[in-house]
Structure formats: structure tokens, C-alpha cells
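Report on the structure given below.
Atom set for the values below is all heavy atoms of this structure, side chains included, hydrogens, waters and symmetry mates excluded.
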Amino acid sequence: MNYVEKVLENLKNKNPNEPEFLQAATEILHGLKPVFEKHPEYEAAALLERFVEPERVVMFRVPWIDDKGKVQVNKGYRVQYNSAIGPYKGGLRFHPSVNLSIMKFLALEQILKNSLTSLPIGGGKGGSDFDPRGKSDNEVMRFCQSFMTELYRHITPDRDVPAGDIGVGGREIGYLFGQYKRIVGEYKNGVLTGKGISYGGSLIRPEATGFGATYFLVEVLKHKGESIKGKTFALSGFGNVSWGAALKITELGGKVLCISGPDGYVHIPNGMTKEMIDYMLVMRSSGRDKVQDLADKFAGTTFVAGKKPWGNVKADIYMPCATQNEILIADAEAIVKMGIKIVNEVSNMPTTNEAMAYLQEHGVLVCPSKAVNAGGVAVSALEMSQNSERLSWSEEEVDAKLKGIMANIHAQIAKACEEYNLGYNLVAGANIAGFKKVAEAMMAQGIV
């Protein structure tokens, strides 16, 4: 048994009830095998054992009072995974599905994603099983204040900088920041990102993940001698990520034929219009969580209940933008059968390992999420820079920096593919390129 397999076996024995975490670790570690063959000194320093173990995991109760005066209790998490290249950085997710396994998988992926941006940020993630859907503003505020009353002990602008994620938007970040400011008695606006513009937020932060995913795809297509113009797309989800992607794809001359939600998908044969893209924000803010609302409002669209777009909507490029494990092996088989050539992963780990292997074996180019969706955290780091400098950059400045970061991520991956003779395997290349910087930093800092 080689070094990577030994570490994985030990990890599975220690964390038997954490399937999402083990899935992410397996995919990443298998991709790193060539690195350890080239660097035997890493095994001597137990680098991989240290890499897969979080530096710190914080779990806590979050009591709060609902509008009926009843006491509710949720569970809170913060996984501070790796700080070798900078303070922990990663979002907070408020969703009923949140558990330790999901927090650890997201934080592990975040290490490599943050490294790929070339910005000085380490990996972390946090959240709660609290569901903000259907809650009043006052209930969300009371929950956020209780959550921050514990979390504030573990975060500072130089230690750990959370941001938003699923269920945590501008409203939640505002309440969290207000409570942090109240408790510490100082205006440290660099402690959270995704803030409102009026108190230290960055322009294009809501659009950043979708914009960045599209900019990465531009580089991939350029590598293939192609362009986005005239290409057709099927997207899943209809939140900020999907909205930002639809906006930028359309701006660059592509055509979005589909978006989806928990209730099904909407097919738009003539492509999304600006009015439809704008309406996605209305749908998301309504809290109804129904993509059917788009079909009900706009003529020329078709709602298909209870199905995902994968293998049902013919398009040049698929872009999953919703949540983890939305492309299963049956979906992968349908994707191959339909002749889709590119899957541009935007949500975190949207493809199961089995489905990923099937897609790659059948010639589908998979652009991995840890590279594709790094635009969100990249602009969060740019927000940290603006806060540190007490400056606010223009939309054009932030967008230009984001575009440059995504081009650089692709260049790093292409270089790793060349160095390790991977062909144009972007999945393996992203793991190696992201890991390289972290490994060098960990080796330089000793056994800590």
C-alpha cells in the first residue's frame, strides 16, 4: 500500500460517518499521488497526515427565541482547517443539511481553492443547521446574534475571516457583523466579507462566483481554440451563483437555455433574456425556492417538474451551480449519451467520484469546482485588501482583478498538467497546483 492509500485508509477508520468529507479527501488525495512520488521528503515529514487533519474544529450550540417566544436550539460549526499560507478563509452556510462531514469537506476543498487564487488566505468553513427560509427578519437577526456570540471568540481579520455561502447573504452578514462590532467594541470590518457596500463591502461580490466561473471557462475554451460566443448552456440552481453566471455568459454572447431548482427545471429554448436574469433575484429573495415561478411569468419557457437538466436539455456546456453531489452516475451516463463535451463545475463538489470517473473516461472535459468557483473567495480576499487599505475600488478595478486571477488559476493548472504529464486533465492539475503552495509553506514552517 502506497503512502496516499495508507493515509486514506487511516482517515476512513477515524471518520467512518463522514461520507462527504471522505469523498472530497479521496478525490483530492488520489490526484496528489504524482506529487508524493516526486517528493519523498513529504512522507518523511508526515505532511499528508497533517494536511488532512483540521488544525481546529469548533462546535457549539446556538439558542435563540422565535417570534412566538419559543426557545429554539441549533448547532454551529467552524472548521479552521489550514493556515499555512494565510488566515482561515471560507464561507458560513445556514441550511438544514449542515453537519460536520459537510463542513469538513467544504473546508478541505477551500484550502486548495484559496491557494489557487495566489492570494494569502488559508482554508476554513463554518455554518449551522439553521434554515433562514420562512423566518422573519427578526428571527434571522436573533439567530445571527446568538451565533456570533460564540463565533466571535475564534475570528479576527488576521486569524479567520468568514464570508457568506448558501443561506447566508447580505442580510445575515449584516446582522453577524453588527453583533461582532457590539461585542468587541471595535470597527474591524475586515473580519467578515460579503458585507454591504455602505460598511466596507466590495463591488461585484454577489456576482463574483458566477463571473469567475465564466472567466475560467473563457480560458479553457481559448486553450481549445474556441470562444463562448454562440455556445449554449444548461445551468442548475437560480441563486447568486447561477445568476452571476447567466449574466456574464449572456454578456459574452452565450445563450443560457436552462436553470433549475428543487422543484424541477425550466427550459428556455431561445435563451434567457436580461429580464429573466433579473427576475432570478426576485425569485431567490421571495424565499419560495421554486424555479417554476420563472415559467409562470415568462412566455416561451417550459417547466419540467421533478427532474434535473442533466441529459434532458441539449447544450454545449453544462454548469452545475446548486449544491454538492447533484450529478450522480445515472446523470453522468445521460450526459455522455447526449454528447455533452464540457462540464464546468460551479457549485462545490457537484459530481460524485463515480460520476466524475465516468465522465472523464468517456471524454468529457470536467473543469473542477475548486478552480471554477474560486472567483467568490478571490473577491472576498480583494474585499479584505480594500478594508485593510481603507479604500473602495471601482467595479471595473475589481472585475479586472478577478479576470486576471481566474486566468492565472488556469495557467497554474495547465503548468501542473504539463509538469506531471497529465495531458489536459484539469481535475488532477487543480489538485496538484493548489497543493504545491500549501505543501511548500507547511514544510518551511516545521512540524506545527
Side-chain angles (χ1 to χ4, degrees), residues 4 7-8 21 23-39 42 47-48 50-55 79-91 104-125 209 212-213 215-216 219-220 324 344-351 353 356 366-381 402 404-420 422 424-445:
V4 167
V7 172
L8 259 178
F21 170 60
Q23 178 187 339
T26 301
E27 187 271 318
I28 289 170
L29 267 60
H30 280 163
L32 295 178
K33 283 181 181 178
V35 177
F36 293 97
E37 290 167 6
K38 192 172 182 178
H39 294 280
Y42 289 173
L47 184 74
L48 200 48
R50 290 187 286 133
F51 176 75
V52 298
E53 197 66 43
E55 292 175 12
V79 178
Q80 297 176 328
Y81 219 117
N82 190 291
S83 60
I85 62 174
Y88 310 106
K89 184 86 191 79
K104 285 172 66 177
F105 117 64
L106 289 168
L108 180 62
E109 289 264 309
Q110 197 79 41
I111 301 168
L112 302 185
K113 182 191 307 183
N114 292 358
S115 173
L116 284 168
T117 68
S118 294
L119 298 168
I121 42 178
K125 205 75 178 184
T209 304
Y215 292 147
F216 185 85
E219 298 301 316
V220 171
Q324 69 268 6
N344 196 43
E345 295 187 321
V346 194
S347 51
N348 289 301
M349 201 172 72
T351 312
N353 289 352
M356 173 80 77
V366 180
C367 308
S369 58
K370 65 176 63 69
V372 175
N373 73 18
V377 74
V379 172
S380 277
L402 172 61
I405 288 167
M406 300 311 296
N408 181 54
I409 289 173
H410 178 267
Q412 289 179 70
I413 295 170
K415 184 179 177 182
C417 287
E418 185 178 345
E419 182 182 348
Y420 286 88
L422 302 171
Y424 195 54
N425 185 336
L426 298 176
V427 176
N431 286 328
I432 290 173
F435 181 72
K436 183 181 177 184
K437 181 179 175 183
V438 178
E440 289 173 356
M442 289 178 70
M443 291 294 286
Q445 293 168 23

For the student: nearest non-hydrogen atoms of Cys367 and Asn344, plus distance: CB-OD1, 3.2 Å

Closest non-hydrogen atom pair, Phe216 against Val372: CD2-CG2, 3.8 Å

Flag side-chain contact, heavy atom, 4.5 Å: His410 against Val220: yes

Residue pair Thr209 / Val346: nearest heavy atoms and the distance that separates them: CG2-CG1, 4.2 Å

Euclidean distance, Tyr215 OH relative to Met406 CE, rounded to 0.5 Å: 10.5 Å

Side chain to side chain, Glu27 and Pro368, heavy atoms closer than 4.5 Å: no

Inter-residue atom distance Thr351.OG1 - Met349.CE, 0.5 Å rounding: 9.5 Å

Min side-chain heavy-atom separation Tyr81-Leu108 under 4.5 Å: yes

Candidates Val35, Leu29, Leu8 - the one meeting side chain to side chain contact (heavy atoms under 4.5 Å, CB included) with Leu48: Leu29

Under 3.5 Å donor-acceptor, Asn353 side chain and Thr26 backbone: no

Check: Gln445 side chain, Ala84 main-chain N or O, donor-acceptor pair, under 3.5 Å: yes

Gln412 (side chain) donor-acceptor with Leu116 (main chain) under 3.5 angstrom: yes

Side chain proximity check, Phe435 to Leu47, heavy atoms < 4.5 angstrom: yes

Closest non-hydrogen atom pair, Ser118 against Asn408: OG-ND2, 3.1 Å

Side chains of Met442 and Asn82 in contact at under 4.5 Å (non-hydrogen atoms): yes

4.5 Å side-chain heavy-atom contact, Val79 and Tyr88: no

Approximate separation, where rounding is to 0.5 Å, of Gln324 CD and Glu345 CD: 12.0 Å

Atom NZ of Lys38 with >12 non-hydrogen neighbours under 6.0 angstrom: yes

Heavy-atom closest pair, residues Leu119 and Ala381: CD1-CB, 3.5 Å

Flag side-chain contact, heavy atom, 4.5 Å: Gln110 against Ile121: no

Donor-acceptor pair, side chain of Ser369 and main chain of Asn348, under 3.5 angstrom: no

Atom pair OH (Tyr420) and CG (Asn431), whose distance is rounded to the nearest 0.5 Å: 12.5 Å

Closest heavy-atom pair and its distance - Ala378, Leu402: CB-CD1, 4.5 Å

Gap separating the CG atom of Leu112 from the CZ atom of Phe51, nearest 0.5 angstrom: 4.5 Å

Min side-chain heavy-atom separation Phe36-Val7 under 4.5 Å: no

Pairwise distance CD1(Ile409) to NZ(Lys370) - rounded to 0.5 angstrom: 12.0 Å

